[in-house]
Amino acid sequence: MIDLDPTELALVREDLAYHQARVLLLVRAVSATKGNANKLDGLTKLAKLDFLLRYTALAPQVLDAVDPHDRRLHLSPGELVAPTDVEAPMIRYKYGPWDDRYYAILGALIGRGLLRYTRARKGSVAVTTTAPGGRLADQLAASPRWATVAARSAVIAEASAGMSGSALKDLIYQRLGGLMDRPHREVIR
């Protein structure tokens with residue numbers, strides 16, 4: 001058992017809530033975008049889209065359909081100058097950017113009835129929002145704190161419609177090779 005004082009425990013919970021809200025908005029955007037069959041299909045796709053969401057200034061380098069001047073990206077001058085200086089960095093993993101929290105995040109969202117598993121490609125996991133999850137995602141998207149994340153999610157979902165996780169991984173390695181050329185388990189900064 002991990003012994004955390006109340007302040008540390010609150011930070012862990014807040015952190016997980018932040019990641020759950022972001023992933024919920026991303027799944028909602030992908031599920032609602034034509035070309036994705038009303039779902040986000042595959043953990044690899046989730047991780048690569050989440051990478052592009054967290055490192056939004058890199059999205060135009062990876063996805064041809066993302067215009068760096070799209071107002072929905074809300075890119076600040078600082079993000080353009082330092083695109084890897086993000087509040088929630090990811091780690092370099094065997095198959096590209098990854099976050100060890102995805103299993104816990106998806107489990108929590110499914111356990112709360114906000115996401116559900118749906119039919120996936122063979123050997124894959126696919127998720128979509130439930131009716132309550134969709135309503136919560138819409139409420140988050142309308143709030144000032146989450147509006148930018150929701151807008152960025154929509155841009156990335158549209159630009160990646162119909163792409164597999166493997167195709168996204170390949171593009172990330174091809175177009176951001178220098179960033180991915182680092183030891184496994186190293187933070188991407």
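Only heavy atoms go into these numbers, but all of them, side chains included; no hydrogens, no water, no symmetry mates.
At distances below 3.5 Å, at least one donor-acceptor pair connects side-chain atoms of K39 with backbone N or O atoms of R119. One N or O on the side chain of R182 and one on the backbone of L179 form a donor-acceptor pair closer than 3.5 Å. Side-chain atoms of S124 never come within 3.5 Å of backbone atoms of A120 as a donor-acceptor pair (strictly under, hydrogens ignored). Side chain of K45 to main chain of M163: a donor-acceptor pair is present (N/O by atom type, distance under 3.5 Å, no hydrogens or angles). Between the T130 side chain and the L114 main chain, a donor and an acceptor come within less than 3.5 Å of each other. Under the 3.5 Å distance criterion, the side-chain polar atoms of D70 are matched with a main-chain donor or acceptor of R72.
Shortest non-hydrogen contact noted between L58 and T84 is CD1-CG2, 4.2 Å. Across M90 and Y102, no two heavy atoms sit closer than the pair CE-OH, 3.2 Å. Closest of all the heavy-atom pairs between P83 and V86 is O-CG1, 3.8 Å. Minimum interatomic distance between D50 and R22 (heavy atoms only, all atoms of both residues): OD1-NE, 2.6 Å. Pairing each heavy atom of P60 with each of A57, the nearest pair is CD-O, 3.5 Å. Looking at every heavy atom in both residues, L73 comes nearest to D67 through CD1-O, 3.4 Å.
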Between D85 and R189, is the side chain to side chain contact (heavy atoms under 4.5 Å, CB included) condition met? List the steps. CA-CA 6 Å; D85 187 17; R189 284 234 183 238; 3.4 Å; yes
Check the pair T128 / R116 against side chain to side chain contact (heavy atoms under 4.5 Å, CB included), numbers first and verdict last. CA-CA 6 Å; T128 191; R116 68 177 173 82; 3.6 Å; yes
Evaluate the criterion side chain to side chain contact (heavy atoms under 4.5 Å, CB included) for residue pair D99 and R54; output intermediate values, then yes/no. CA-CA 11 Å; D99 189 321; R54 288 156 86 165; 2.8 Å; yes
Apply side chain to side chain contact (heavy atoms under 4.5 Å, CB included) to the pair T44 and S166, showing each step before the final yes or no. CA-CA 7 Å; T44 299; S166 182; 5.6 Å; no
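Annotation: the span from H74 atom NE2 to R152 atom CZ amounts to 7.5 Å, rounded to 0.5 Å. Distance OG1/T56 to CD/E79: 6.5 Å, rounded to 0.5 Å. With values rounded to the nearest 0.5 angstrom, R28 atom CZ is found 11.0 Å from L115 atom CG. To the nearest 0.5 Å, atom CG of residue L25 and atom CG of residue L53 are 8.5 Å apart. With rounding to the nearest 0.5 Å, the separation of CH2 in W146 from CG in D138 is 15.0 Å. Atom CG of residue L63 and atom CG of residue L52 lie 5.0 Å apart, to the nearest 0.5 angstrom.
No continuous path of hydrophobic side-chain contacts links I188 to V81 [ILVMFWY only; heavy atoms under 4.5 Å].
Using a 4.5 Å heavy-atom threshold, the side chains of P97 and I91 count as separate. Using a 4.5 Å heavy-atom cutoff, the side chains of N38 and T118 are not in contact. Within the 4.5 Å cutoff, no side-chain heavy atoms of F51 are placed close to those of I156. No side-chain heavy atom of Q20 sits under 4.5 Å from any side-chain heavy atom of L24. Within the 4.5 Å cutoff, no side-chain heavy atoms of L176 are placed close to those of Y55. Within the 4.5 Å cutoff, the side chain of L136 has no heavy atoms near those of the T129 side chain. Between S31 and N36 there is no side-chain heavy-atom pair separated by less than 4.5 Å.
Using a 4.0 Å cut-off between charged nitrogen and carboxylate oxygen, D181 and R92 do not count as a salt-bridge pair. In summary, R175 and D64 engage in a salt bridge, as defined by a charged side-chain N under 4.0 Å from a carboxylate O.
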